[in-house]
Student: 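Below are the structure tokens for one structure; questions will follow.
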2 protein chains.
Amino acid sequence: MAEALAQTYTRADEAFDCLQTAIVKGDLAPGEKIGEVELCSRFQLTRGPLREALGRLESRGLLVRRPHAGVKVVSVSAEELMELYRIRETMEGLAARQAADRMTDEEIADLHATLDSHETMIEQAQGQAYYQAEGDYDFHHRIATGSRNTKLAQMLLGDLYYMVRMYRYRLSTSSGRPHMALGEHRRIAEAIAQRDGELAEFLMKRHINAARQNIEKKIQEGELTI
Amino acid sequence: MAEALAQTYTRADEAFDCLQTAIVKGDLAPGEKIGEVELCSRFQLTRGPLREALGRLESRGLLVRRPHAGVKVVSVSAEELMELYRIRETMEGLAARQAADRMTDEEIADLHATLDSHETMIEQAQGQAYYQAEGDYDFHHRIATGSRNTKLAQMLLGDLYYMVRMYRYRLSTSSGRPHMALGEHRRIAEAIAQRDGELAEFLMKRHINAARQNIEKKIQEGELTI
DNA sequence: GACCGGATGATTGTTGACAATAATATTGCC
DNA sequence: GGCAATATTATTGTCAACAATCATCCGGTC
């Protein structure tokens, strides 16, 4: 995702993006220990930028790095994944509340338009997987930025989402949820449109809580191995 | 703060700590633009480790770095500082709730002991400044780790606190608050001891909200310039 | 006199070689 | 045969030189 201002795209940024998507997509398996030189040859990079990228990834919690012992992709347990959702619940609730106060009318219109496109997307191609992978985060993305809370958006978009995405990528289709989720999104958007911050917060928290329970159930049923 | 396991303390870590404390203490003024070579000579470092530290600091949001244009310490506006407190409110509320369920009895005993030492500290030397700068965070630190929520603790301790500390450092003494704050801490600790998560969450949110309002008032009265 | 274009200078980004450290394998001893 | 201490090796951490990029300054032109 290219930021609006056309900054110089340095090798370190490239390395960072490469590794990040590789981790999210699972090309670098969790728990896998891997050396720097191997990473260099695999991603056609030199060690300088790579190391800088590794440092950034480490401070974001996507990998751990022990001196003289290589880097290792973090492996998140089922409980930790649930904890991630609990954090999301409170933080996105806050984001929704602030967004209700601060989003412009245009942004709210865009939000509704986004949901319309999601609806057709789901119907057309039964594109449940796509909806989960991209569309869902599109919605949450807009609310995070709409909160006008720089640090909150940064933490949500920069830290949490990549982590959650990493574990959502493999389960992709979660059966009935997309339709449910869309309805929940709609209601949140309505609350924001009515500038009802409290309601928006409540609905958002319930929405994420439902998603968490859905995953929890699947894990317990053994449909989903972590 | 030396972590339990005696890891090799690399130059990059050193650079990171140096710069971090320099930013927090205000030796590197917010908004100040500064070159890499000057930073090297000032902190007796070489550019390699320095750059790695800069990358980490950047992803933590303590400084911004435009390619070929130098690094700049972030300058947080009064509103942004308030937003930080709003984030803390929800996140630490969650931490307190989880801590009430998950802290061991020993940890709770330690928590009370910590508060006792804070009390004597405040009385003895009228050490309000010290209490604010270190002691307060000691308490919050314990609750964050007591939540047993790795990511939550990481975000609180790694990202938010340094940012808040940076702006708390200069106001240091906030008159009557230390005694008030201690009382609030006490009540939170009691709620945790009684394993009353809901109450702990409520009290923690109110505690941080009070701190926020206190700062907000000072800013409006012109006692505090940001 | 103001604005635009190009040259200069400084600063950052990148690279490859070197040194230090820790993990591993080997050898000797119990 | 098992354990421990040592030597080796591979990996990471560090460094200094090089190249690319941007900001600034100067001169010319409108």
Side-chain angles (χ1 to χ4, degrees), chain A residues 2-20 22-23 27-75, chain B residues 2-20 22-23 27-75:
Chain A
E3 289 300 313
L5 44 132
Q7 294 263 50
T8 33
Y9 189 67
T10 145
R11 292 284 169 92
D13 294 329
E14 189 184 337
F16 182 74
D17 289 346
C18 274
L19 290 175
Q20 186 161 253
I23 291 172
D27 295 342
L28 261 49
E32 185 180 355
K33 198 178 75 178
I34 192 167
E36 289 185 3
V37 284
E38 192 181 337
L39 282 172
C40 287
S41 62
R42 208 203 274 198
F43 292 98
Q44 214 71 10
L45 290 162
T46 174
R47 270 188 67 211
L50 178 90
R51 282 180 60 81
E52 189 167 331
L54 289 179
R56 281 197 257 174
L57 260 341
E58 186 187 21
S59 75
R60 291 205 177 183
L62 281 171
L63 52 83
V64 291
R65 186 151 64 131
R66 280 228 330 256
H68 303 285
V71 305
K72 194 174 71 172
V73 179
V74 290
S75 59
Chain B
E3 287 301 311
L5 44 131
Q7 293 265 51
T8 35
Y9 188 66
T10 131
R11 292 281 170 91
D13 294 330
E14 189 185 336
F16 182 74
D17 289 346
C18 274
L19 289 176
Q20 185 160 255
I23 291 172
D27 295 341
L28 261 47
E32 185 180 354
K33 199 179 74 178
I34 192 166
E36 290 187 2
V37 284
E38 192 180 336
L39 283 172
C40 287
S41 61
R42 209 203 272 198
F43 291 99
Q44 213 73 9
L45 290 163
T46 174
R47 271 188 66 209
L50 177 90
R51 282 180 60 80
E52 188 167 332
L54 288 179
R56 281 198 257 175
L57 259 340
E58 187 187 20
S59 76
R60 291 205 177 184
L62 281 171
L63 53 83
V64 290
R65 187 152 62 132
R66 282 227 331 256
H68 304 285
V71 305
K72 194 174 72 171
V73 179
V74 291
S75 59

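By convention in this document, chain letters (A, B, ...) are assigned in the order of the sequence lines, proteins followed by strands, and residues within each chain are numbered from 1. Only heavy atoms go into these numbers, but all of them, side chains included; no hydrogens, no water, no symmetry mates.
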Student: What is the distance from CD of B/Glu52 to P of C/dT14, rounded to the nearest Å?
Tutor: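 It works out to 15 Å between those atoms.
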Student: Distance check, rounded to the nearest 0.5 Å: A/Leu19 atom CG versus A/Asp27 atom CG?
Tutor: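 If we round to the nearest 0.5 Å, A/Leu19:CG and A/Asp27:CG are 11.0 Å apart.
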Student: Nearest whole Å is fine: how far is D/dC15 P from B/Leu45 CG?
Tutor: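 Nearest whole value for this atom pair: 9 Å.
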Student: If you assign each of A/Ala12 and A/Lys33 to its closest nucleotide in DNA chain C, which residue comes earlier from the 5' end?
Tutor: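 Nearest nucleotide further toward 5': that of A/Ala12.
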Student: Give me the atom names and distance for the closest heavy-atom approach of B/Cys40 to B/Thr46.
Tutor: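 Nearest heavy atoms, B/Cys40 then B/Thr46: SG-C, 3.9 Å.
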Student: Going from CZ on A/Arg42 to CG on A/Leu50, what distance comes out if it is rounded to the nearest 0.5 angstrom?
Tutor: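 Here the interatomic distance stands at 11.5 Å.
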Student: Polar-atom pairs under 3.5 Å, protein N or O versus N or O of nucleotides 5-12 of chain D: list them with distances, or write none.
Tutor:
{"unit_1": "D/dT12", "atom_1": "OP1", "unit_2": "A/Glu36", "atom_2": "N", "d": "3.0"}
{"unit_1": "D/dT12", "atom_1": "OP2", "unit_2": "A/Glu36", "atom_2": "N", "d": "3.1"}
{"unit_1": "D/dT12", "atom_1": "O3'", "unit_2": "A/His68", "atom_2": "N", "d": "3.2"}

Student: Could you state the atom-to-atom distance from CZ of A/Arg11 to P of C/dT12 in whole Å?
Tutor: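 That distance rounds to 19 Å.
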Student: For the CZ atom of A/Arg51 and the CD atom of A/Glu58, what is their distance to the nearest 0.5 Å?
Tutor: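 One finds 10.0 Å between CZ of A/Arg51 and CD of A/Glu58.
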Student: Taking 4.0 Å as the cut-off, does a side-chain nitrogen or oxygen of A/Thr10 come that near to OP1 or OP2 on C/dT12?
Tutor: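 A/Thr10 to C/dT12 OP1/OP2: no side-chain N or O under 4.0 Å.
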Student: Between P on C/dG13 and CD on B/Glu58, what's the gap in Å once rounded to a whole number?
Tutor: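 Rounded to whole Å, this separation is 9 Å.
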Student: Just verifying a value: how many Å separate A/Leu39 CG and A/Leu28 CG, rounded to the nearest 0.5 Å?
Tutor: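 Result: 6.0 Å between the selected atoms.
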Student: Between C1' on D/dT21 and OH on A/Tyr9, what's the gap in Å once rounded to a whole number?
Tutor: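 Nearest whole value for this atom pair: 18 Å.
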Student: Mind checking the CG-CD spacing from B/Asp13 to B/Gln20? Nearest 0.5 Å is all I need.
Tutor: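 CD of B/Gln20 is found 11.0 Å from CG of B/Asp13.
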